[in-house]
Amino acid sequence: MCLAIPARITAIDPTGETARIALGGVTRDCSLALIDDAAVGDYVLVHVGYALNRIGEEEAQETLALMREAGVPVDAAHEDAA
Amino acid sequence: MKYIDEFRDQQLARGLAAAIRAAARPDRQYRLMEFCGGHTHAIFRYGIADLMPANVRFIHGPGCPVCVLPMARIDQAIALATEHRVTLCTYADLMRVPAGERRSLLKAKAAGADIRMIYSTADALRIAREDPHRQVVFFAIGFETTTPPTAVAAQVARAEGLKNFSIFCNHVLTPPALHTILATAGPDGVQLDGILGPSHVSSVIGSAPYAFVPHEFGTPVVIAGFEPLDVMQSTLMLIRQLNEGRCEVENQYTRAVTEQGNRKAQALMAQVFSPRETFEWRGLGLLPHSALRLADNYADLDAERRFPVEIGTVREVKGCECPAILRGVKEPTDCRLFGTVCTPDNPMGSCMVSSEGACAAYWSYGRFRSPRDH
(Lines give C-alpha, C1' and ligand atoms only; values in the text may rest on other atoms or scores of the structure.)
Protein backbone atom coordinates (compact mmCIF):
# COMPACT_ATOMS: atom_id res chain seq x y z
CA MET A 1 0.00 0.00 0.00
CA CYS A 2 2.92 2.33 0.67
CA LEU A 3 4.37 1.70 -2.76
CA ALA A 4 5.25 4.89 -4.61
CA ILE A 5 6.74 5.13 -8.07
CA PRO A 6 9.35 7.55 -9.42
CA ALA A 7 7.93 9.53 -12.33
CA ARG A 8 9.06 12.54 -14.35
CA ILE A 9 6.99 15.73 -14.52
CA THR A 10 6.38 16.57 -18.19
CA ALA A 11 3.95 19.46 -17.79
CA ILE A 12 2.37 21.52 -15.03
CA ASP A 13 -1.10 23.04 -15.43
CA PRO A 14 -1.43 26.85 -15.18
CA THR A 15 -2.90 26.67 -11.66
CA GLY A 16 0.19 24.75 -10.48
CA GLU A 17 -2.09 22.22 -8.78
CA THR A 18 -1.62 19.23 -11.03
CA ALA A 19 1.11 17.85 -13.22
CA ARG A 20 1.31 15.51 -16.16
CA ILE A 21 3.76 12.75 -15.32
CA ALA A 22 5.55 10.14 -17.40
CA LEU A 23 6.33 6.74 -16.05
CA GLY A 24 8.03 4.59 -18.62
CA GLY A 25 5.53 4.69 -21.49
CA VAL A 26 2.58 5.69 -19.33
CA THR A 27 1.40 9.23 -18.76
CA ARG A 28 -1.17 10.41 -16.27
CA ASP A 29 -2.12 13.30 -14.02
CA CYS A 30 -0.89 13.76 -10.51
CA SER A 31 -1.65 16.27 -7.77
CA LEU A 32 1.09 18.64 -6.61
CA ALA A 33 -0.78 19.60 -3.41
CA LEU A 34 1.84 18.02 -1.14
CA ILE A 35 5.01 19.59 -2.56
CA ASP A 36 6.26 23.10 -3.27
CA ASP A 37 8.09 24.52 -6.28
CA ALA A 38 7.77 21.52 -8.57
CA ALA A 39 9.26 22.05 -12.02
CA VAL A 40 9.02 20.29 -15.36
CA GLY A 41 11.77 17.68 -15.54
CA ASP A 42 11.72 16.95 -11.79
CA TYR A 43 11.36 13.36 -10.70
CA VAL A 44 8.77 12.82 -7.99
CA LEU A 45 7.59 9.86 -5.95
CA VAL A 46 3.97 9.28 -6.94
CA HIS A 47 1.56 7.60 -4.54
CA VAL A 48 -2.21 7.24 -5.10
CA GLY A 49 -2.20 10.15 -7.54
CA TYR A 50 -0.15 12.54 -5.41
CA ALA A 51 3.50 13.59 -5.65
CA LEU A 52 4.88 12.85 -2.17
CA ASN A 53 8.39 14.18 -2.57
CA ARG A 54 11.01 15.12 -5.11
CA ILE A 55 13.73 12.52 -5.74
CA GLY A 56 17.25 13.80 -5.21
CA GLU A 57 19.47 13.01 -8.20
CA GLU A 58 22.65 13.78 -6.29
CA GLU A 59 21.63 11.52 -3.41
CA ALA A 60 20.66 8.73 -5.83
CA GLN A 61 24.09 8.88 -7.47
CA GLU A 62 25.81 8.92 -4.07
CA THR A 63 23.83 5.84 -3.01
CA LEU A 64 24.80 3.98 -6.19
CA ALA A 65 28.45 4.99 -5.67
CA LEU A 66 28.33 3.65 -2.10
CA MET A 67 26.87 0.40 -3.40
CA ARG A 68 29.68 0.03 -5.92
CA GLU A 69 32.23 0.83 -3.25
CA ALA A 70 30.75 -1.56 -0.66
CA GLY A 71 30.28 -4.43 -3.08
CA VAL A 72 32.88 -7.17 -3.05
CA PRO A 73 33.92 -7.85 -6.66
CA VAL A 74 32.53 -11.19 -7.73
CA ASP A 75 33.83 -13.34 -10.52
CA ALA A 76 30.62 -14.95 -11.75
CA ALA A 77 32.46 -18.15 -12.76
CA HIS A 78 33.75 -18.69 -9.23
CA GLU A 79 30.75 -17.54 -7.29
CA ASP A 80 29.76 -20.22 -4.82
CA ALA A 81 26.09 -20.84 -4.20
CA ALA A 82 24.65 -18.82 -1.35
CA MET B 1 12.91 3.39 -15.84
CA LYS B 2 15.03 5.94 -14.05
CA TYR B 3 15.49 5.37 -10.29
CA ILE B 4 14.16 1.83 -10.71
CA ASP B 5 16.37 -0.08 -13.15
CA GLU B 6 19.68 1.03 -11.66
CA PHE B 7 18.53 -0.09 -8.21
CA ARG B 8 17.85 -3.58 -9.56
CA ASP B 9 21.26 -4.05 -11.20
CA GLN B 10 22.40 -7.66 -11.09
CA GLN B 11 26.15 -7.04 -10.85
CA LEU B 12 25.76 -4.60 -7.98
CA ALA B 13 23.48 -7.12 -6.27
CA ARG B 14 26.13 -9.83 -6.54
CA GLY B 15 28.73 -7.48 -5.09
CA LEU B 16 26.49 -6.50 -2.19
CA ALA B 17 25.57 -10.13 -1.50
CA ALA B 18 29.27 -11.02 -1.34
CA ALA B 19 29.91 -8.03 0.94
CA ILE B 20 27.12 -9.19 3.27
CA ARG B 21 28.52 -12.73 3.37
CA ALA B 22 31.96 -11.32 4.15
CA ALA B 23 30.66 -8.97 6.85
CA ALA B 24 28.34 -11.35 8.70
CA ARG B 25 30.29 -12.88 11.57
CA PRO B 26 29.65 -16.62 11.85
CA ASP B 27 29.58 -16.47 15.66
CA ARG B 28 26.38 -14.45 15.91
CA GLN B 29 22.83 -14.09 14.61
CA TYR B 30 21.45 -11.15 12.65
CA ARG B 31 17.68 -11.19 13.09
CA LEU B 32 16.44 -8.20 11.15
CA MET B 33 12.84 -7.09 10.99
CA GLU B 34 11.75 -5.42 7.77
CA PHE B 35 8.87 -3.30 8.98
CA CYS B 36 7.13 -2.81 5.66
CA GLY B 37 5.26 -5.22 3.45
CA GLY B 38 6.99 -3.49 0.55
CA HIS B 39 10.31 -4.78 1.88
CA THR B 40 8.90 -8.28 2.41
CA HIS B 41 7.70 -8.25 -1.17
CA ALA B 42 11.13 -7.14 -2.49
CA ILE B 43 12.95 -9.75 -0.37
CA PHE B 44 10.88 -12.56 -1.88
CA ARG B 45 10.37 -11.26 -5.38
CA TYR B 46 14.11 -10.77 -5.95
CA GLY B 47 15.27 -13.78 -4.00
CA ILE B 48 17.24 -11.68 -1.50
CA ALA B 49 16.58 -14.11 1.36
CA ASP B 50 18.40 -16.82 -0.60
CA LEU B 51 21.46 -14.62 -1.08
CA MET B 52 21.93 -14.23 2.68
CA PRO B 53 24.12 -16.42 4.85
CA ALA B 54 22.10 -18.64 7.20
CA ASN B 55 22.66 -16.38 10.20
CA VAL B 56 21.16 -13.31 8.49
CA ARG B 57 17.40 -13.68 8.69
CA PHE B 58 14.54 -11.41 7.76
CA ILE B 59 11.59 -11.31 10.13
CA HIS B 60 8.48 -9.82 8.59
CA GLY B 61 6.89 -6.87 10.34
CA PRO B 62 3.33 -5.50 10.53
CA GLY B 63 3.81 -2.79 7.89
CA CYS B 64 0.83 -3.73 5.75
CA PRO B 65 -2.17 -1.50 6.56
CA VAL B 66 -4.63 -3.91 4.98
CA CYS B 67 -3.24 -6.79 7.04
CA VAL B 68 -3.46 -5.01 10.41
CA LEU B 69 -6.99 -3.67 9.92
CA PRO B 70 -9.34 -5.49 12.31
CA MET B 71 -12.06 -7.45 10.53
CA ALA B 72 -14.74 -5.45 12.36
CA ARG B 73 -13.69 -2.31 10.48
CA ILE B 74 -14.41 -4.03 7.15
CA ASP B 75 -17.78 -5.10 8.53
CA GLN B 76 -18.41 -1.51 9.55
CA ALA B 77 -17.61 -0.36 5.99
CA ILE B 78 -19.92 -3.01 4.54
CA ALA B 79 -22.68 -1.76 6.87
CA LEU B 80 -22.17 1.79 5.58
CA ALA B 81 -22.83 0.55 2.05
CA THR B 82 -25.64 -1.88 2.85
CA GLU B 83 -27.50 -0.29 5.80
CA HIS B 84 -26.90 3.39 5.12
CA ARG B 85 -26.80 2.76 1.36
CA VAL B 86 -23.89 5.11 0.74
CA THR B 87 -21.53 4.92 -2.22
CA LEU B 88 -18.38 3.50 -0.66
CA CYS B 89 -15.11 4.36 -2.42
CA THR B 90 -12.06 2.28 -1.60
CA TYR B 91 -8.55 1.41 -2.75
CA ALA B 92 -8.48 -1.94 -4.53
CA ASP B 93 -6.34 -3.58 -1.81
CA LEU B 94 -9.35 -3.75 0.51
CA MET B 95 -11.88 -5.34 -1.81
CA ARG B 96 -11.09 -8.97 -1.06
CA VAL B 97 -10.07 -8.74 2.60
CA PRO B 98 -12.14 -11.21 4.61
CA ALA B 99 -14.58 -9.65 7.08
CA GLY B 100 -16.67 -11.55 9.62
CA GLU B 101 -18.58 -14.68 8.50
CA ARG B 102 -16.62 -14.78 5.21
CA ARG B 103 -18.02 -11.44 4.08
CA SER B 104 -15.94 -9.02 1.97
CA LEU B 105 -16.45 -5.73 0.15
CA LEU B 106 -16.28 -7.60 -3.14
CA LYS B 107 -19.08 -9.96 -2.11
CA ALA B 108 -21.16 -7.03 -0.83
CA LYS B 109 -20.64 -5.31 -4.19
CA ALA B 110 -21.69 -8.46 -6.04
CA ALA B 111 -24.83 -8.51 -3.88
CA GLY B 112 -25.73 -5.00 -5.06
CA ALA B 113 -24.02 -2.55 -2.71
CA ASP B 114 -22.54 0.53 -4.41
CA ILE B 115 -18.85 -0.05 -3.71
CA ARG B 116 -16.31 1.44 -6.09
CA MET B 117 -12.60 0.88 -6.48
CA ILE B 118 -10.68 4.11 -6.87
CA TYR B 119 -7.06 4.99 -7.61
CA SER B 120 -6.95 8.33 -5.85
CA THR B 121 -8.94 10.43 -3.39
CA ALA B 122 -9.52 12.77 -6.33
CA ASP B 123 -11.73 10.03 -7.86
CA ALA B 124 -13.89 9.89 -4.71
CA LEU B 125 -14.34 13.66 -4.80
CA ARG B 126 -15.31 13.51 -8.48
CA ILE B 127 -17.93 10.82 -7.76
CA ALA B 128 -19.38 13.02 -4.99
CA ARG B 129 -19.49 16.08 -7.28
CA GLU B 130 -21.19 14.17 -10.09
CA ASP B 131 -24.10 13.00 -7.95
CA PRO B 132 -24.88 15.48 -5.15
CA HIS B 133 -27.88 13.41 -4.05
CA ARG B 134 -25.79 10.38 -3.13
CA GLN B 135 -23.77 10.17 0.06
CA VAL B 136 -20.20 9.22 -0.87
CA VAL B 137 -17.89 7.76 1.79
CA PHE B 138 -14.17 7.34 1.24
CA PHE B 139 -12.82 4.27 3.08
CA ALA B 140 -9.48 5.76 4.12
CA ILE B 141 -6.73 3.35 5.07
CA GLY B 142 -2.95 3.42 5.17
CA PHE B 143 0.11 4.57 7.07
CA GLU B 144 1.59 8.07 6.98
CA THR B 145 2.33 7.67 3.25
CA THR B 146 -1.34 7.45 2.34
CA THR B 147 -2.67 9.87 4.97
CA PRO B 148 -1.68 13.21 3.35
CA PRO B 149 -3.77 12.53 0.20
CA THR B 150 -6.79 11.93 2.47
CA ALA B 151 -6.05 15.23 4.23
CA VAL B 152 -6.01 17.01 0.87
CA ALA B 153 -9.38 15.45 0.00
CA ALA B 154 -10.87 16.69 3.29
CA GLN B 155 -9.64 20.21 2.59
CA VAL B 156 -10.94 20.19 -0.97
CA ALA B 157 -14.36 18.90 0.19
CA ARG B 158 -14.46 21.67 2.80
CA ALA B 159 -13.40 24.34 0.32
CA GLU B 160 -15.98 23.24 -2.26
CA GLY B 161 -18.73 22.79 0.34
CA LEU B 162 -19.32 19.17 -0.74
CA LYS B 163 -22.08 18.13 1.62
CA ASN B 164 -22.34 14.55 0.42
CA PHE B 165 -18.72 13.53 1.00
CA SER B 166 -17.30 12.00 4.17
CA ILE B 167 -14.35 9.92 5.31
CA PHE B 168 -14.30 6.59 7.17
CA CYS B 169 -10.87 7.03 8.70
CA ASN B 170 -8.60 4.04 9.38
CA HIS B 171 -5.23 5.72 9.07
CA VAL B 172 -2.61 4.24 11.39
CA LEU B 173 0.77 5.42 12.62
CA THR B 174 4.06 3.58 12.21
CA PRO B 175 6.13 4.54 15.28
CA PRO B 176 3.58 3.25 17.87
CA ALA B 177 3.44 -0.13 16.11
CA LEU B 178 7.22 -0.36 16.05
CA HIS B 179 7.25 0.56 19.73
CA THR B 180 4.84 -2.26 20.56
CA ILE B 181 6.82 -4.80 18.55
CA LEU B 182 10.01 -3.85 20.38
CA ALA B 183 8.37 -3.61 23.80
CA THR B 184 6.98 -7.13 23.47
CA ALA B 185 10.14 -8.59 21.89
CA GLY B 186 12.31 -10.88 23.95
CA PRO B 187 12.80 -14.53 24.77
CA ASP B 188 9.05 -15.23 24.75
CA GLY B 189 8.28 -13.23 21.64
CA VAL B 190 10.15 -12.21 18.57
CA GLN B 191 13.91 -11.63 18.93
CA LEU B 192 15.28 -8.73 16.92
CA ASP B 193 18.79 -7.42 16.37
CA GLY B 194 17.93 -4.61 13.95
CA ILE B 195 15.16 -2.86 12.04
CA LEU B 196 14.89 -2.08 8.33
CA GLY B 197 12.84 1.09 8.66
CA PRO B 198 9.97 2.24 6.41
CA SER B 199 10.79 3.96 3.12
CA HIS B 200 7.84 5.99 1.96
CA VAL B 201 6.36 6.51 5.41
CA SER B 202 9.72 8.08 6.27
CA SER B 203 9.61 10.15 3.12
CA VAL B 204 6.65 11.90 4.80
CA ILE B 205 7.52 11.80 8.53
CA GLY B 206 11.33 11.89 8.19
CA SER B 207 13.91 9.73 9.93
CA ALA B 208 13.79 11.69 13.22
CA PRO B 209 10.72 9.89 14.72
CA TYR B 210 12.66 6.61 14.96
CA ALA B 211 15.21 7.98 17.45
CA PHE B 212 13.41 6.12 20.26
CA VAL B 213 14.36 2.76 18.76
CA PRO B 214 18.11 2.95 19.52
CA HIS B 215 17.62 5.10 22.64
CA GLU B 216 14.89 3.13 24.34
CA PHE B 217 15.46 -0.37 23.01
CA GLY B 218 19.13 -0.41 22.00
CA THR B 219 18.17 -1.59 18.53
CA PRO B 220 19.72 -0.06 15.38
CA VAL B 221 17.53 1.20 12.52
CA VAL B 222 18.33 1.75 8.85
CA ILE B 223 15.67 3.55 6.79
CA ALA B 224 15.61 1.40 3.65
CA GLY B 225 14.30 1.97 0.12
CA PHE B 226 12.03 -0.61 -1.50
CA GLU B 227 14.21 -1.62 -4.45
CA PRO B 228 16.24 -4.82 -4.03
CA LEU B 229 19.64 -3.07 -3.92
CA ASP B 230 18.25 -0.67 -1.30
CA VAL B 231 17.22 -3.59 0.89
CA MET B 232 20.60 -5.28 0.45
CA GLN B 233 22.63 -2.14 1.16
CA SER B 234 20.50 -1.45 4.23
CA THR B 235 21.07 -4.99 5.45
CA LEU B 236 24.81 -4.48 5.10
CA MET B 237 24.55 -1.18 7.01
CA LEU B 238 22.70 -2.94 9.86
CA ILE B 239 25.28 -5.74 9.98
CA ARG B 240 28.06 -3.16 10.19
CA GLN B 241 26.32 -1.26 13.01
CA LEU B 242 25.94 -4.51 14.95
CA ASN B 243 29.55 -5.60 14.28
CA GLU B 244 30.95 -2.23 15.32
CA GLY B 245 28.73 -1.95 18.39
CA ARG B 246 27.03 1.17 17.01
CA CYS B 247 23.34 1.73 17.57
CA GLU B 248 21.76 4.60 15.67
CA VAL B 249 19.22 5.62 13.06
CA GLU B 250 20.89 5.57 9.64
CA ASN B 251 19.25 6.57 6.39
CA GLN B 252 19.99 4.52 3.28
CA TYR B 253 17.09 6.00 1.29
CA THR B 254 18.56 9.50 1.10
CA ARG B 255 17.16 10.18 -2.36
CA ALA B 256 13.65 10.44 -0.90
CA VAL B 257 14.00 10.70 2.89
CA THR B 258 15.38 13.55 4.99
CA GLU B 259 15.59 13.83 8.75
CA GLN B 260 12.60 16.19 8.86
CA GLY B 261 10.47 14.64 6.10
CA ASN B 262 7.80 16.49 4.13
CA ARG B 263 6.80 19.39 6.39
CA LYS B 264 3.94 20.48 4.13
CA ALA B 265 2.35 17.02 4.27
CA GLN B 266 2.88 16.85 8.04
CA ALA B 267 1.20 20.23 8.53
CA LEU B 268 -1.80 19.14 6.45
CA MET B 269 -2.18 15.94 8.45
CA ALA B 270 -2.00 17.90 11.71
CA GLN B 271 -4.77 20.24 10.55
CA VAL B 272 -7.19 17.56 9.42
CA PHE B 273 -6.57 14.67 11.85
CA SER B 274 -6.20 14.08 15.58
CA PRO B 275 -4.74 11.01 17.27
CA ARG B 276 -7.24 8.44 18.53
CA GLU B 277 -6.80 7.50 22.17
CA THR B 278 -6.59 3.90 21.15
CA PHE B 279 -7.10 1.75 18.05
CA GLU B 280 -7.17 -1.98 17.50
CA TRP B 281 -4.51 -3.54 15.29
CA ARG B 282 -4.94 -7.05 14.09
CA GLY B 283 -2.28 -9.15 15.80
CA LEU B 284 -1.02 -6.35 18.03
CA GLY B 285 -4.20 -5.54 19.96
CA LEU B 286 -5.26 -2.13 21.23
CA LEU B 287 -2.43 0.38 20.83
CA PRO B 288 -2.61 3.84 22.41
CA HIS B 289 -2.25 6.87 20.11
CA SER B 290 -1.62 4.61 17.13
CA ALA B 291 -4.26 5.84 14.70
CA LEU B 292 -5.95 8.99 13.45
CA ARG B 293 -9.50 10.30 13.34
CA LEU B 294 -10.89 13.45 11.78
CA ALA B 295 -10.05 16.44 13.99
CA ASP B 296 -12.92 18.15 15.77
CA ASN B 297 -13.09 20.99 13.26
CA TYR B 298 -13.48 18.40 10.50
CA ALA B 299 -16.02 16.31 12.44
CA ASP B 300 -18.71 17.07 9.85
CA LEU B 301 -16.69 15.02 7.36
CA ASP B 302 -16.36 12.04 9.71
CA ALA B 303 -18.41 9.13 8.34
CA GLU B 304 -18.37 7.43 11.75
CA ARG B 305 -20.29 10.38 13.21
CA ARG B 306 -22.52 10.89 10.18
CA PHE B 307 -23.55 7.22 9.88
CA PRO B 308 -23.46 5.40 13.21
CA VAL B 309 -22.97 1.64 12.86
CA GLU B 310 -23.03 -0.99 15.59
CA ILE B 311 -20.80 -4.00 15.01
CA GLY B 312 -20.79 -6.94 17.40
CA THR B 313 -17.79 -9.14 18.09
CA VAL B 314 -16.22 -10.49 14.93
CA ARG B 315 -14.59 -13.89 15.15
CA GLU B 316 -11.24 -14.61 13.52
CA VAL B 317 -11.13 -17.53 11.11
CA LYS B 318 -10.22 -20.61 13.12
CA GLY B 319 -6.63 -21.66 12.54
CA CYS B 320 -5.61 -18.41 10.77
CA GLU B 321 -2.17 -17.37 12.04
CA CYS B 322 -2.23 -13.81 10.63
CA PRO B 323 -2.06 -12.25 14.12
CA ALA B 324 1.13 -14.16 15.08
CA ILE B 325 2.63 -13.61 11.62
CA LEU B 326 2.02 -9.86 11.94
CA ARG B 327 3.97 -9.82 15.21
CA GLY B 328 6.86 -11.67 13.56
CA VAL B 329 6.41 -14.62 15.92
CA LYS B 330 5.39 -17.09 13.22
CA GLU B 331 6.12 -17.54 9.53
CA PRO B 332 3.41 -18.15 6.94
CA THR B 333 4.57 -21.74 6.52
CA ASP B 334 3.84 -22.30 10.25
CA CYS B 335 0.12 -21.83 9.50
CA ARG B 336 -1.74 -24.99 8.63
CA LEU B 337 -4.15 -23.06 6.41
CA PHE B 338 -1.28 -21.70 4.27
CA GLY B 339 -1.43 -23.00 0.72
CA THR B 340 -4.10 -25.53 1.59
CA VAL B 341 -7.43 -23.81 2.20
CA CYS B 342 -5.88 -20.32 2.19
CA THR B 343 -4.55 -19.07 -1.16
CA PRO B 344 -4.74 -15.68 -2.92
CA ASP B 345 -7.76 -16.98 -4.87
CA ASN B 346 -9.55 -17.97 -1.70
CA PRO B 347 -7.97 -16.03 1.15
CA MET B 348 -8.84 -16.82 4.76
CA GLY B 349 -6.63 -14.12 6.26
CA SER B 350 -5.63 -10.59 5.28
CA CYS B 351 -1.91 -11.48 4.95
CA MET B 352 -2.82 -13.64 1.94
CA VAL B 353 -4.92 -10.93 0.26
CA SER B 354 -2.69 -7.91 0.12
CA SER B 355 0.22 -8.21 -2.28
CA GLU B 356 2.32 -6.82 0.59
CA GLY B 357 1.20 -9.48 3.03
CA ALA B 358 3.81 -12.00 4.17
CA CYS B 359 1.61 -14.95 3.20
CA ALA B 360 1.04 -13.59 -0.32
CA ALA B 361 4.80 -13.03 -0.72
CA TYR B 362 5.55 -16.60 0.39
CA TRP B 363 2.83 -17.96 -1.88
CA SER B 364 3.89 -15.96 -4.94
CA TYR B 365 7.65 -16.31 -4.70
CA GLY B 366 8.68 -18.53 -1.83
CA ARG B 367 6.58 -21.66 -1.72
CA PHE B 368 8.96 -23.73 -3.83
CA ARG B 369 12.08 -22.69 -1.92
CA SER B 370 14.00 -25.56 -0.48
CA PRO B 371 14.14 -25.57 3.31
CA ARG B 372 17.25 -23.99 4.78
CA ASP B 373 19.13 -25.15 7.80
CA HIS B 374 19.07 -22.19 10.17
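Inter-residue side-chain proximity for B:His41 and B:Glu356 is flagged as unmet; no heavy-atom pair is nearer than 4.5 Å. Within the 4.5 Å cutoff, side-chain heavy atoms of B:Phe58 are placed close to those of B:Leu196. Residues B:Val272 and B:Gln155 are in side-chain contact: their nearest non-hydrogen atoms beyond the backbone lie under 4.5 Å apart. The shortest distance between side-chain heavy atoms of A:Ile35 and A:Asp42 does not fall below 4.5 Å.
Between the side chains of B:Ser350 and B:Arg282, at least one donor N or O lies within less than 3.5 Å of an accepting N or O. Side-chain contact of B:Thr146 with B:His171: a donor-acceptor pair under 3.5 Å is absent, judged by distance alone. Checked by atom type, the side-chain pair A:Asn53/B:Ser203 shows a donor-acceptor distance below 3.5 Å.
With chain A as partner, the option from B:Val156, B:Thr121, B:Asn262 having the largest number of non-hydrogen pairs under 4.5 angstrom is B:Asn262. Top candidate by heavy-atom pairs under 4.5 Å with chain B, chosen from A:Leu34, A:Ile5, A:Leu3, is A:Leu34. The residue among B:Ala23, B:Ala19, B:Ala13, B:Gly142 with the most heavy atom pairs within less than 4.5 Å of chain A is B:Ala19. The most heavy-atom pairs under 4.5 Å with chain B, out of A:Ala33, A:Ser31, A:Ala7, A:Gly24, come from A:Ala33. Note: A:Glu57 leads A:Arg68, A:Glu62, A:Glu57, A:Gln61 in heavy-atom pairs under 4.5 Å with chain B. Contacts with chain A were tallied for B:Gly38, B:Pro65, B:Cys36; B:Pro65 has the most, counting heavy-atom pairs under 4.5 Å. Comparing B:Met1, B:Lys2, B:Gln252 by how many heavy-atom pairs each has under 4.5 Å with chain A, the most go to B:Lys2.
Both the backbone and the side chain of A:Leu66 come within contact range of chain B, with heavy atoms under 4.5 Å apart. Both the backbone and the side chain of B:Ile141 come within contact range of chain A, with heavy atoms under 4.5 Å apart. The part of A:Leu45 that comes within reach of chain B is its side chain, from C-beta onward, which places non-hydrogen atoms under 4.5 angstrom from that chain. For A:Glu58, no part lies near chain B; criterion is any non-hydrogen pair under 4.5 Å. Residue contact with chain A, scored on non-hydrogen atoms closer than 4.5 Å, involves the backbone and the side chain of B:Pro148 alike. Neither the backbone nor the side chain of A:Arg8 comes within less than 4.5 Å of any heavy atom in chain B. Heavy atoms closer than 4.5 Å to chain A are found nowhere in B:Asp123, neither backbone nor side chain. B:Thr254 touches chain A through backbone and side chain together, each having a heavy atom under 4.5 Å away. With a threshold of 4.5 angstrom between heavy atoms, B:Glu144 does not approach chain A through any atom at all. Looking at B:Gln233, only its side chain comes within 4.5 Å of chain A, counting heavy atoms on both sides. Residue contact with chain A, scored on non-hydrogen atoms closer than 4.5 Å, involves the backbone and the side chain of B:Leu229 alike. At a 4.5 Å heavy-atom cutoff, the contact between B:Phe226 and chain A is made by side-chain atoms alone. For chain A, the nearby parts of B:Leu16 are the backbone and the side chain; heavy atoms of each come within less than 4.5 Å.
The pair A:Arg54-A:Glu59 fails the salt-bridge criterion, with no side-chain N (NZ, NE, NH1 or NH2) lying under 4.0 Å from an Asp/Glu carboxylate O.
The backbone N or O of B:Val257 lies less than 3.5 Å from a partner atom in the side chain of B:Asn251, making a donor-acceptor pair.
Shortest non-hydrogen contact noted between B:Ser354 and B:Cys64 is OG-SG, 3.6 Å.
Relative to the six-membered ring of B:Tyr119, A:Arg28 meets both conditions, a distance below 6.0 Å and an angle of at most 45° to the axis.
B:Tyr30 contributes atom OH, which lies 12.5 Å from atom OG1 of B:Thr235 (distance to the nearest 0.5 angstrom).
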